[in-house]
Amino acid sequence: MIELTYEAAMHVRDSHAMTVLGRDDHVLGIGAFHGLANFADGRVATHRYDGWYDLIDGSGRFHGYALWQFEDGSEIRAVYDGEAREAGAEGFEVGAQIRVVSGSGRFAGASGDGGFQGRRIEPIERGGRTQLSGTLRLERAR
């Protein structure tokens, strides 16, 4: 088993939302977050999250797909399920469970799990800047 830890800075690359049944405080949407993940071993990867969200006043559930692309061309792909909760002046606490579904290059045959936690410091419609701390626990088939 390999454990990788990282710190990531993310922002909204694209987002489409609609209000639910005319309630301005309830939005359902899809979004693409993009940023950099800095791993504890010094490696840096471009990092993406693409998925949906269901939020009332900024709090609620989200689900989607994650991708870490490393400079050597290796990739880790995963599915995530998470929740955002209002944290007052601190923005929104976010956290998710991750299930690794595939890898390529030096992560070929990888499977595993992990998670992330952090905070979104601004609403999604204003850029959704988010700071995350994450862990990936990988097992490789070879």
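- Across all their heavy atoms, G95 and F62 have their closest contact at O-CZ, 3.6 Å.
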N38 vs Y6, side-chain contact (heavy atoms from CB on, under 4.5 Å): CA-CA, chis, key distance, verdict: CA-CA 5 Å; N38 296 295; Y6 65 92; over 6 Å; no

side-chain contact (heavy atoms from CB on, under 4.5 Å) assessment of H26 paired with L21: CA-CA 8 Å; H26 189 176; L21 301 174; over 6 Å; no

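- In this pair, Y80 and Y49 present their aromatic rings perpendicular. The plane angle is above 60°, beyond the 30 to 60° band.
- F116 approaches I98 most closely through the heavy-atom pair CD2-CD1, 3.8 Å.
- Annotation: cation-pi geometry not satisfied between R85 and F92 (NZ/CZ under 6.0 angstrom from ring centroid, within 45° of ring axis).
- Residue R13 places its CZ atom among more than 12 non-hydrogen atoms of other residues, nucleotides or ligands, all under 6.0 Å distant.
- Between E125 and V27, every side-chain heavy-atom pair lies at or beyond the 4.5 Å cut-off.
- There is a path of hydrophobic side-chain contacts, each under 4.5 Å, that joins F39 to M10.
- Both L132 and L138 belong to a common hydrophobic cluster when Ile, Leu, Val, Met, Phe, Trp and Tyr are linked at side-chain heavy-atom distances under 4.5 angstrom.
- Residues W68 and A45 come closest through the heavy atom pair CB-CB, 4.3 Å.
- We find that R99 and D113 are not joined by a salt bridge, their nearest charged nitrogen and carboxylate oxygen being 4.0 Å or further apart.
- Connection of F70 to L136 is established within a shared hydrophobic cluster, with ILVMFWY side chains joined at heavy-atom distances below 4.5 Å, either directly or through further cluster members.
- The two residues G58 and R120 have their closest heavy-atom pair at O-NH2, 3.2 Å.
- The only option from R77, E75, H47, R48 that meets the side-chain hydrogen bond (donor to acceptor under 3.5 Å, both in side chains) definition with Q69 turns out to be E75.
- Between D81 and R61 no salt bridge is recorded (no basic side-chain N to carboxylate O distance below 4.0 Å).
- Under a 4.0 Å N-O distance rule, the pair E122/R129 qualifies as a salt bridge.
- Here the closest non-hydrogen pair linking L55 and G60 is CD2-N, 3.6 Å.
- Using a 4.5 Å cut-off on side-chain heavy atoms (C-beta onward), V79 and H63 make contact.
- Counting all heavy atoms, side chain and backbone alike, A84 lies closest to V94 at CB-CG1, 3.9 Å.
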Derivation and outcome, side-chain contact (heavy atoms from CB on, under 4.5 Å), residues W52 and D54: CA-CA 7 Å; W52 61 259; D54 184 351; 4.0 Å; yes

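- Within the model, atoms CG of L36 and NE2 of H11 stand 9.0 Å from one another, a figure rounded to the nearest 0.5 Å.
- One distance of note links CD1 of I30 with CG of D50; it measures 9.0 Å at 0.5 Å rounding.
- One N or O on the side chain of Q117 and one on the backbone of S133 form a donor-acceptor pair closer than 3.5 Å.
- Between the T130 side chain and the G128 main chain, a donor and an acceptor come within less than 3.5 Å of each other.
- One finds the NE2 atom of H34 at 12.5 Å from the CG atom of D14 (value rounded to the nearest 0.5 Å).
- Side-chain atoms of Y53 and L28, non-hydrogen and from C-beta on, never get closer than 4.5 Å to each other.
- Between Q131 and I121, every side-chain heavy-atom pair lies at or beyond the 4.5 Å cut-off.
- Panel note: side chain S59, backbone E86; a donor-acceptor pair is recorded below 3.5 Å.
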Trace of the side-chain contact (heavy atoms from CB on, under 4.5 Å) decision for L4 with I76: CA-CA 11 Å; L4 303 172; I76 299 170; 4.1 Å; yes

